[in-house]
Structure formats: C-alpha cells, structure tokens
Visitor: 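I have a structure here, written as structure tokens, and I will follow up with some questions on it.
We count ligands from 1, going down the list as the structure has it; atoms in each ligand are counted the same way. As a basis for the values below, the full set of heavy atoms in this structure was taken, side chains included, without hydrogen atoms, waters or symmetry mates.
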Amino acid sequence: MINIENIVRPNILELQPYSSARDEFTGKEGIFLDANENPFGEFNRYPDPYQKELKQKLAELKDINTNNIFIGNGSDEVIDLAFRIFCSPGFDKAITFSPTYGMYDVSATINNVELLKLPLNQDFQIDIEKLESYFNDSSIKLMFICSPNNPTGNLINKKDIEFILNNFKGIVIIDEAYIDFAEADSLISLINQYNNLIVSQTFSKAWGLAAARVGTAYANEKIIKLYNKVKPPYNVSKLNQQAAINALDNKNTYKDNLNLILSEKKRLKSKLQQISLVKKIYPSDANFLLLEVTDANQLYTQLVNQQIITRNRNTQVANCIRITVGTQKENDELLNALKTLS
Ligand SMILES: *Cc1c(COP(=O)(O)O)cnc(C)c1O
C-alpha cells in the first residue's frame with residue numbers, strides 16, 4: 001500500500017472543489033429555482049454530476065461498489081485528469097511503454113509533464129529489468145500500461161503488472177479499452193488489493209458508443225474522490241449518460257456484436273494469411289489486427305485510393321498497418337483489394 005496523499009499535487013490536495021447547485025441540493029422532487037436553468041425545454045436541466053444511475057448499473061455489471069467508479073468524457077478525460085491530479089507541471093514525470101496509444105504523450109505534453117517511453121521488447125512485453133531502475137525516481141508519479149496494447153494488440157503479462165504494482169510507488173493506470181475482446185479477465189478485481197491501481201475502460205469500442213464519449217475508471221475510493229474533486233462539475237452530458245445506460249440495458253446487442261466481431265476477426269485473419277503481401281499478422285486480443293507488409297506507406301495509399309482507410313503504423317512498428325475488424329462486407333472488400341494489389 002502506498003500513501004496516496006504523498007503523490008497528489010499539493011494544490012490539488014488543498015483544492016476546495018466547485019460546489020454546484022446539484023451538490024448542494026440532491027433531492028429529485030421540488031420546484032428547481034437554484035441553478036439558473038431555463039424552465040422550458042427537454043434538455044434544460046443540468047445532468048447528474050455523479051452519474052448515479054449509470055454507476056449503479058456498472059457496479060452491478062462489474063461487481064464492485066459505486067464509490068469505486070469514475071465516469072469521464074471518454075477515457076481521454078481519465079488520462080488527462082490523472083496528470084492534473086498527480087503531476088506538478090514542469091517537475092513531475094510519467095512513464096509508458098512504446099509503441100502505445102498516442103494520447104498519453106499528447107496529454108503529458110499539454111500538462112507540461114515529461115513522459116518517459118521505454119521500448120517494449122520483441123514480444124511487445126515490458127522489459128522489467130530495465131524498468132526497475134526507475135522505481136527509485138520519486139518524481140515519476142504515473143505509469144500507463146495499455147493492455148491489450150494499441151497498436152500491437154497483445155495483452156501485457158499479468159505477473160509483470162503485479163510485480164510493478166508491488167514495487168512502483170506511483171499510480172499505475174491500466175488502459176483496458178480493448179479488454180472486452182480479450183481472452184483474459186479485467187484487472188478491476190485487483191483494485192481492492194492495490195490502492196495505486198486505476199483501471200480504465202470505455203464505451204467507445206465493444207459497447208459501440210465512440211460518438212457518445214463515455215469512459216470509465218475503476219480505483220479505490222480515495223482516488224475516485226480526487227477525480228471527482230478535479231473534474232468539471234457536469235463532465236458527462238445527460239445525452240451521453242443515457243446512451244451508456246441504454247447500452248447496458250441491451251446487453252444482448254453488446255454480446256451479439258462482440259461475437260460477430262470476434263468471429264469476423266478470426267475469418268479475416270485466416271484469409272489475410274493467404275495473401276502474399278502480408279508478411280506477418282501479430283497475435284491480437286483486440287478488435288484490430290497489426291499486419292507487417294512489404295511496404296506499409298505504399299499499401300496505405302493504395303488502399304486509400306480504393307476508399308479503404310486503414311491506419312499506417314509504419315513510424316511505430318516498421319512496415320505495419322493496423323486494420324480494424326469491420327462488418328463481413330467491409331472485410332471482404334478489404335480482402336479483395338489486397339488480393340488485387342498482391
Ligand atoms: C480507443 C482507445 C481508447 C478510447 O478512448 P475514449 O476517449 O474512451 O474514446 C482508450 N485507450 C486506448 C488505448 C484506445 O485505443
């Protein structure tokens with residue numbers, strides 16, 4: 001166990017958070033003349049600042065307490081708030097493992113925090129021996145581990161993550177944006193054991209709600225309280241909360257689509273293996289495949305010319321493109337295009 005107060009920015013520890021009208025009166029019934037809202041209209045009232053209905057449904061789904069849940073405006077807000085809570089700009093640092101999701105770097109730069117990037121090894125796993133020397137640097141407040149990792153698609157070894165949780169004295173954020181597609185359990189079950197662990201998930205991928213911007217963080221209550229203190233009061237709109245609630249009320253749609261994506265992924269992978277310009281397909285626990293091809297820059301442009309848009313990841317992993325699993329029809333069009341280009 002680490003002492004969370006010791007790694008929080010001093011000004012955030014001292015912060016008196018904004019107290020909204022809905023903080024000061026939490027009842028549902030009454031004549032509301034307290035928030036300068038317009039009395040007319042459908043979306044005239046401020047949304048629930050703590051998203052209680054959504055959290056109640058998530059708590060049941062994840063089998064945890066609502067006090068262990070934070071909802072953000074996408075997981076991008078979960079990332080940004082972590083910098084703002086824990087890292088003093090221009091002084092503290094964060095650490096991650098490359099290649100990985102680009103937002104950690106962008107968010108670090110916006111917050112004027114240096115992000116150290118240790119290369120993953122050949123299997124895209126963390127090099128624990130190299131990492132150990134950083135454990136003594138008390139200015140490193142945050143560590144981002146993306147698992148399954150974007151763009152490589154693999155899970156990070158659980159025993160390595162547990163070693164880190166036991167030895168790193170800062171906050172560890174496990175970004176599980178793709179965990180629904182993985183053949184492994186979420187690490188949410190570890191939040192009661194490690195008080196420096198934040199697990200972030202999202203409604204943007206398996207739940208099909210990228211447009212709605214709803215991200216989640218699971219952590220011990222102290223960390224969740226800090227998030228609530230720093231977040232903008234009404235950070236998740238009522239429309240967005242409702243979209244997530246509706247998705248949770250339609251779990252069959254979620255499951256059916258998830259199964260479709262997983263079976264398409266399997267089919268796409270086996271067909272891609274027969275195409276000569278595909279040199280290698282990396283193992284994936286996500287809803288995308290990372291392919292090594294003969295010339296990624298060239299192939300990317302050729303596909304764009306046929307109105308098939310993939311992600312060129314050549315600068316991150318040489319000659320690799322990342323392909324999201326689409327519908328059967330979309331995947332067939334991709335396969336046909338690749339066959340004619342081979
Ligand atoms: C897509 C993705 C997210 C999702 O971000 P949102 O802001 O919730 O849409 C988070 N992390 C990773 C690694 C991703 O690839």
Visitor: What do you reckon, are the aromatic ring centroids of Phe288 and Phe181 less than 6.0 Å apart?
Guide: no
Visitor: Could you please provide the protein residues found below 4.0 Å of ligand 1 on a heavy-atom basis, arranged by chain and number?
Guide: Gly74, Ser75, Asp76, Tyr101, Cys146, Asn150, Asp175, Ala177, Tyr178, Thr202, Ser204, Lys205, Arg213
Visitor: Applying ring pair (Phe, Tyr, Trp, His ring centres under 6.0 Å), name anything that partners Tyr218, two or more places apart in sequence or on another chain.
Guide: none
Visitor: Would you sort out whether Asn36 and Tyr46 count as a side chain to side chain donor-acceptor pair (under 3.5 Å), showing the intermediate values?
Guide: CA-CA 10 Å; Asn36 296 346; Tyr46 281 102; over 6 Å; no
Visitor: When hydrophobic residues are tied together by side-chain contacts of less than 4.5 Å, even through go-betweens, does Ile198 share a cluster with Tyr101?
Guide: yes
Visitor: Establish, for the pair Lys117 and Phe144, whether the NZ or CZ atom is under 6.0 angstrom from the six-membered ring centre and no further than 45 degrees off its axis.
Guide: no
Visitor: Tell me if a side-chain donor or acceptor on Gln125 pairs with a main-chain N or O of Leu155 at a distance below 3.5 Å.
Guide: yes
